Amino acid sequence: MGFRTIEDLCAELEEKRSKALAGGGKEAVEKQKARERIAQLLDPGSFVEIDEFVTHRCNNFGLDGKKILGDGVVTGWGTIEGRKVFVFSQDFTVFGGSLGEEDAAKICKVMDMAMQMGCPVIGINDSGGARIQEAVDALNGYGKIFKRNTMASGVIPQFSVIMGPTAGGAVYSPALTDFIFMVDKESVMHITGPEVIRAVTGEAITSEELGGAEAHNTVSGVAHFKAKDEAECFEQVRKVLSYLPLNNLDDAPVKATGDSPDRADISLRELVPVNPNKGYDVHEVLTKVFDDGEFTEVQAGFAKNIVTGYARIGGRSVGVIANNADVKAGCLDIDASDKASRFIRHCDAFNLPVVTFVDVPGYLPGTDQERGGIIRKGAKLLYAYSEATVPLISVIMRKAYGGAYLAMSSKSLGADVVLAWPQAEIAVMGAEGAASIVFKKEINDAADPSAKRLEKIDEYREAFANPYKAAERGYVDRVIMPEETRKAIFTALESIVSKRDTRPSKKHGVIPH
Ligand code: HXC
């Protein structure tokens, strides 16, 4: 018979490629989004697909008669702003994007490559979960992905983009990654769906209410970003990636800026009122301080009493944490502690300096908080700052009381440079509370107790509600004018960016959770 011609062999490859591109069939290709999504996410023309001829090996329930080239997931690599990333995108037109043994093997392959090359992994999830016909082999596939997610954590950035259903244990792979991006009215994540909940508890709830983008971005805190559509979602992914290094041994890219580090914004004097009981929008402080007025918020809709996100100063990426006096007076509670501590650990893992803006009255009092475990959650925040080895800069804008003062990146926990504004009040508690306790007898014995109380509050405020007591002891390194904040952060960062800090040798700590 002899050899076939090269033309014949290439024609065969061409035909197989077309079949692989057709995904779940002619009709399905119309709906198929897996490759389109990758194309939208990556730099144009940069995607290189691998494993496009992989098929499942399952013979159960007639599946042997239904083999689709590439099976339920498209995998490969490409670039975002010229930087290499590995990707997978589930194809809902192939068995509902469900995950069989071979899909898991494809995903694990790109994850292993990403780890070896030190590049981020971005997974686009659109799947009916474990492929039911493949039973325990499908479950084993998830297990292998979970293990890799965990091994990759803190080594390479891992992003999960949810663009369809994610049900059952399948939600745990995204939950093990750094960030979850969801699209409004399109993405859904839940462990047990509405039908199961109705059967077990009788509660009626829609899929969207239970596990939609809104629910996970505001109530549960499972997701980190919500987009109005897929295009905006991919923009968010590209934006977040621009602040990050490709891996834990790499440096984040420095972005050129025309915004001078010396720029002084005098409006900061008025923005934060001296009266500690008055609110203001801390986002405005951040946009006035950082390069080009840019601040990219993470978990914007969850635990709004604390703000987390990325910004740049002098072109360098930093993680930012700020109390938000406009919500719950900026106090710390369970959700805020969870949100901030995870973000700090993420920054620490990827060598991003953390800049903390402090204006905190304390921990939120209440039975819900105590019973919900504010002790362990609050401890987690102390732990996260204490174990961080990246450069830490704090700006005490106004209130810094008690345990919350300590928790918000204090000198005692290891802040490298602590700056304070002239209206900063660093004390065990606010002047009202403190005077009422310390001068209780004097106030009660006075002819006019309320006048005496006001006098004592003023006396206490004069003596302690300022940054200078802490500065005398070196807990504050510099007292600065509000408008000097940008320059002061820049110069602090330039001098501590080379920080090298080590921790005692151990397998790992036992973080309160
Ligand atoms: C095999 C599946 C599948 C699955 C969907 N399909 N899910 N095939 N295994 N898990 C197939 C359907 O049979 C159908 O095939 C096609 O995908 C499209 O599904 P539809 O139901 O027609 O689509 P839609 O109405 O949009 O509903 C999507 C859906 C629903 C909400 C995802 O299909 C669904 O509820 N699927 C099951 C979800 C689930 O319970 N999965 C297991 C979770 S447990 P045809 O041939 O008709 O087009 C889990 C454990 C992981 O994942 C554990 C890890 C530790």
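Residues: numbered from 1 along the sequence shown. For ligands, and for the atoms within them, numbers begin at 1 and follow the listed sequence. No experiment lies behind these values; they were computed from the predicted model shown.
Salt bridge status for Asp333 with Lys377: absent, with no side-chain N to carboxylate O gap under 4.0 Å. Looking at Glu49 and Arg35, a side-chain N of the basic residue comes within less than 4.0 Å of a carboxylate O on the acidic one, giving a salt bridge. Ion pair Lys239/Glu232 not flagged as a salt bridge, since none of the NZ, NE, NH1 or NH2 atoms sits closer than 4.0 Å to an Asp/Glu carboxylate oxygen. The pair Lys106-Asp71 does not meet the salt-bridge criterion, since no charged nitrogen lies less than 4.0 angstrom from a carboxylate oxygen. The existence of a salt bridge linking Asp126 and Arg37 is confirmed by a sub-4.0 Å separation between a basic side-chain nitrogen and an acidic carboxylate oxygen. Using a 4.0 Å cut-off between a side-chain N of Lys or Arg and a carboxylate O of Asp or Glu, Arg198 and Glu203 do not qualify as a salt bridge.
The residue among Gly128, Gly96, Ala170 with a heavy atom at the shortest distance from atom 41 (N) of ligand 1 is Gly128.
Atoms of ligand 1 found under 4.0 Å from any heavy atom of Gly129, numbered from 1 in the order shown, are 52 (O). For ligand 1, the atoms lying closer than 4.0 Å to a non-hydrogen atom of Ala167 are 52 (O).
Proximity of atom 14 (C) of ligand 1 to the protein is not indicated, since no non-hydrogen protein atom lies closer than 4.0 angstrom. By the definition of a contact as any protein heavy atom under 4.0 Å away, atom 39 (C) of ligand 1 is in contact. Using a 4.0 Å threshold on non-hydrogen atoms, atom 21 (O) of ligand 1 does not count as touching the protein. Note that atom 17 (O) of ligand 1 has protein non-hydrogen atoms nearby, at separations under 4.0 angstrom. Less than 4.0 angstrom separates atom 7 (N) of ligand 1 from at least one non-hydrogen atom of the protein.
When every heavy atom of Lys16 is checked against every heavy atom of Leu69, the shortest pair comes out as O-CD1, 3.3 Å.
At the top of the distance list for atom 55 (C) of ligand 1, counting protein heavy atoms only, stands Phe146 CE1, 3.6 Å.
For Arg17, the CZ atom sits in a loose shell: 12 or fewer heavy atoms of surrounding residues, nucleotides or ligands are nearer than 6.0 Å.
The closest approach between a heavy atom of Tyr172 and any atom of ligand 1 is not below 4.0 Å. Residue Gln133 places a heavy atom under 4.0 Å from ligand 1.
Contact annotation for Leu99 and ligand 1: no heavy atom of the residue comes within less than 4.0 Å of the ligand. At a 4.0 Å heavy-atom cut-off, ligand 1 touches Pro165 through the side chain alone.
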